[in-house]
Colleague: 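Just dropping this structure here.
These numbers were taken from a predicted model, which means no experiment stands behind them. In listed order, ligands and their atoms are each counted from 1.
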Amino acid sequence: MRAIAVGKVTASNNPKFAVGDHVTGLLGVQEYAYSNGQGLTKVDSKLAPLPLYLSTLGMPGLTAYFGLLEVGQPKAGDTVVVSGAAGAVGSVVGQIAKIKGARVVGIAGGADKCRYLVEELGFDAAIDYKTENVAEALKTHCPNGVNVYFDNVGGDILDAVLTRLARGARIVICGAISQYNNTAPVKGPANYLSLLVQRATMTGIVVSDYYDRAGEAAMVMAGWIQSGKLKTREDVVDGLDKFPQAFDMLFSGANNGKLVLKVA
Ligand SMILES: NC(=O)c1ccc[n+]([C@@H]2O[C@H](COP(=O)([O-])OP(=O)(O)OC[C@H]3O[C@@H](n4cnc5c(N)ncnc54)[C@H](OP(=O)(O)O)[C@@H]3O)[C@@H](O)[C@H]2O)c1
């Protein structure tokens, strides 16, 4: 099973990696991995706890950073809406948008996650899509419309946000988790003509396009973490045998922050 992991070198014929080094890369869901060193990056367990290199200082953090800043391009005073807001990507998107001076509204499932977004991460408002009418709540929380929508979920929530776009809005298509398990075709946005009326754009982001700039983003985000501007949360499930249950948590929303499986 393909997965990005952090591991410890236990044997090496490669002069770039010594026994005891910690590395991250596509090592898979397994206790031991074999690599020729290509695509592996050394990480320092003294600078940050290892799970952090799989969350904010790893792939999800890079997705949030470049997806928001390069594609979403929020300006101070903009209203930024993010779905999957309490997750690994969404929670970082919202906090970076706050750092850049935007008003931030998160969409997440459940009162606890919504409270976390506002009280702990400093979002301006949060919408519980499981109990609230998202379109109505967006009217309340985004009176001047939505300038940037960072979409992690697709489906009905994307459709609701489309009805609230401001002129020139940017939609960042990062994921569509509400559609991943569809057995029927993926549901496209019925309200897409809003893009026309509002002269808006919808652009996909694929994190690997930015891997050559990973160091730049990790350095900035490490600084924000150190100064307390950026909070990060990892949800660690212990045991390789828990993989199926852990995977399911992503779809039930049982994870809080970046879901990490500890295999050894
Ligand atoms: N484009 C890229 O390069 C890239 C890179 C990384 C990740 N992604 C995508 O980014 C998205 C977020 O990833 P992540 O790692 O941050 O995951 P995550 O948020 O840590 O976990 C998934 C969350 O999605 C929410 N969810 C599940 N089913 C849902 C549904 N039917 N409707 C609405 N929300 C639902 C749940 O939160 P609630 O409790 O709030 O429902 C769940 O906790 C995913 O779609 C992923 O595929 C894209």
Colleague: Are there more than 12 heavy atoms of other residues, nucleotides or ligands under 6.0 Å from atom OH of Tyr180?
Modeller: yes

Colleague: If only atom types and distance count, is the side chain of Lys100 paired as donor or acceptor with the main-chain N or O of Ala76 below 3.5 Å?
Modeller: no

Colleague: Under the 6.0 Å and 45° cation-pi test, does Arg213 pair with Tyr65?
Modeller: no

Colleague: List below, pair by pair, the N or O atoms of ligand 1 and of the protein that are less than 3.5 Å apart, including the distance to 0.1 Å; reply 'none' if no pair qualifies.
Modeller:
{"residue": "ligand 1", "atom": "1 (N)", "partner": "Cys174", "partner atom": "O", "Å": "2.9"}
{"residue": "ligand 1", "atom": "1 (N)", "partner": "Ile205", "partner atom": "O", "Å": "2.7"}
{"residue": "ligand 1", "atom": "3 (O)", "partner": "Val207", "partner atom": "N", "Å": "2.8"}
{"residue": "ligand 1", "atom": "10 (O)", "partner": "Asn152", "partner atom": "OD1", "Å": "3.3"}
{"residue": "ligand 1", "atom": "16 (O)", "partner": "Ala88", "partner atom": "N", "Å": "3.1"}
{"residue": "ligand 1", "atom": "16 (O)", "partner": "Val89", "partner atom": "N", "Å": "2.8"}
{"residue": "ligand 1", "atom": "20 (O)", "partner": "Ala88", "partner atom": "N", "Å": "3.2"}
{"residue": "ligand 1", "atom": "20 (O)", "partner": "Asn255", "partner atom": "ND2", "Å": "3.0"}
{"residue": "ligand 1", "atom": "21 (O)", "partner": "Asn255", "partner atom": "ND2", "Å": "3.3"}
{"residue": "ligand 1", "atom": "34 (N)", "partner": "Tyr129", "partner atom": "OH", "Å": "3.3"}
{"residue": "ligand 1", "atom": "39 (O)", "partner": "Lys113", "partner atom": "NZ", "Å": "2.7"}
{"residue": "ligand 1", "atom": "40 (O)", "partner": "Gly109", "partner atom": "N", "Å": "2.8"}
{"residue": "ligand 1", "atom": "41 (O)", "partner": "Tyr129", "partner atom": "OH", "Å": "2.5"}
{"residue": "ligand 1", "atom": "43 (O)", "partner": "Lys113", "partner atom": "NZ", "Å": "3.4"}
{"residue": "ligand 1", "atom": "43 (O)", "partner": "Asn255", "partner atom": "OD1", "Å": "2.4"}
{"residue": "ligand 1", "atom": "45 (O)", "partner": "Asn152", "partner atom": "O", "Å": "3.0"}
{"residue": "ligand 1", "atom": "45 (O)", "partner": "Tyr180", "partner atom": "OH", "Å": "2.9"}
{"residue": "ligand 1", "atom": "47 (O)", "partner": "Tyr180", "partner atom": "OH", "Å": "2.6"}

Colleague: Dump the intermediate steps for salt bridge (Lys or Arg N to Asp or Glu O under 4.0 Å) on Lys187 and Asp159, then the final yes or no.
Modeller: CA-CA 10 Å; Lys187 186 172 172 286; Asp159 244 337; 3.4 Å; yes

Colleague: Under a 4.0 Å N-O cut-off, is there an ion pair linking Asp128 with Lys113?
Modeller: no

Colleague: Which heavy atom of Leu68 sits nearest a heavy atom of Pro74, and at what distance?
Modeller: O-CD, 3.3 Å

